[in-house]
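Shown next, in structure tokens, is the structure this report addresses.
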Amino acid sequence: MLTPNQLSDELSKLTRENFKGVEAVFEAEAKLANAEYDLDTAEQKAFLRSEGTVAERNAQARLDSAQKRLERDIAKAEFNRIKLKLKAVESALMAAGTQA
């Protein structure tokens, strides 16, 4: 069992981490939005440059924008990781509050 001082320190640490997490979520969300925009732009430009049937143009556009898709997927994974970590911090904060 933690002493009152240890609980207070833990609550303070978790609160600070929670506030940092809110900013991290915003930054990750902005990065994801930019990655989505870059992907959409690259894919549409590639489609317009392509020739052939619609199916061929779609396939070529997806191939040409594969790097942007990967960057978007990585940004999405980072965003989800931050959300999960923030959820864990909130759970730990509630547990520490209950102990207090």
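Note that the structure is predicted; figures quoted are calculated from it, not measured. Along the sequence shown, residues are numbered consecutively beginning with 1.
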Report the distance from atom NZ of Lys45 to atom CG of Leu48, rounding to the nearest 0.5 Å.
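Between atom NZ of Lys45 and atom CG of Leu48 there are 10.0 Å.
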
Side-chain polar contacts of residues 50-70 - donor-acceptor pairs under 3.5 angstrom, sequence neighbours left out - could you list them?
unit_1 : atom_1 : unit_2 : atom_2 : d
Ser50  : OG     : Ala46  : O      : 2.7
Thr53  : OG1    : Glu56  : N      : 3.2
Glu56  : OE1    : Thr53  : N      : 2.9
Arg57  : NE     : Phe47  : O      : 3.2
Arg57  : NE     : Ser50  : O      : 3.3
Arg57  : NH2    : Phe47  : O      : 3.1
Asn58  : ND2    : Val54  : O      : 3.4
Gln60  : NE2    : Asp64  : OD1    : 2.8
Ser65  : OG     : Ala61  : O      : 2.8
Gln67  : NE2    : Glu71  : OE2    : 3.4
Arg69  : NH1    : Arg62  : O      : 3.4
Arg69  : NH2    : Glu43  : OE2    : 2.6

Minimum heavy-atom distance between Leu7 and Ala96, given as atom pair plus value:
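Residues Leu7 and Ala96, closest heavy atoms: CD2-O, 3.9 Å.
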
Run through the side-chain heavy atoms of Ile, Leu, Val, Met, Phe, Trp and Tyr, join any pair under 4.5 Å, and report what else lands in Leu39's cluster.
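Leu39 shares its hydrophobic cluster with no other residue.
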
Distance-only check: which donor-acceptor pairs under 3.5 Å involve side-chain atoms of residues 72-86, not counting sequence neighbours?
unit_1 : atom_1 : unit_2 : atom_2 : d
Glu78  : OE1    : Lys31  : NZ     : 2.8
Asn80  : ND2    : Lys76  : O      : 3.3

Same cluster (ILVMFWY, side-chain, under 4.5 Å), Val25 and Val89
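No, because Val25 and Val89 fall into different hydrophobic clusters, even though each may have its own neighbours under 4.5 Å.
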
Any side chain to side chain donor-acceptor pair (under 3.5 Å) pairs touching residues 7-28, not counting sequence neighbours?
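Residue pairs with at least one partner in residues 7-28: there are none.
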
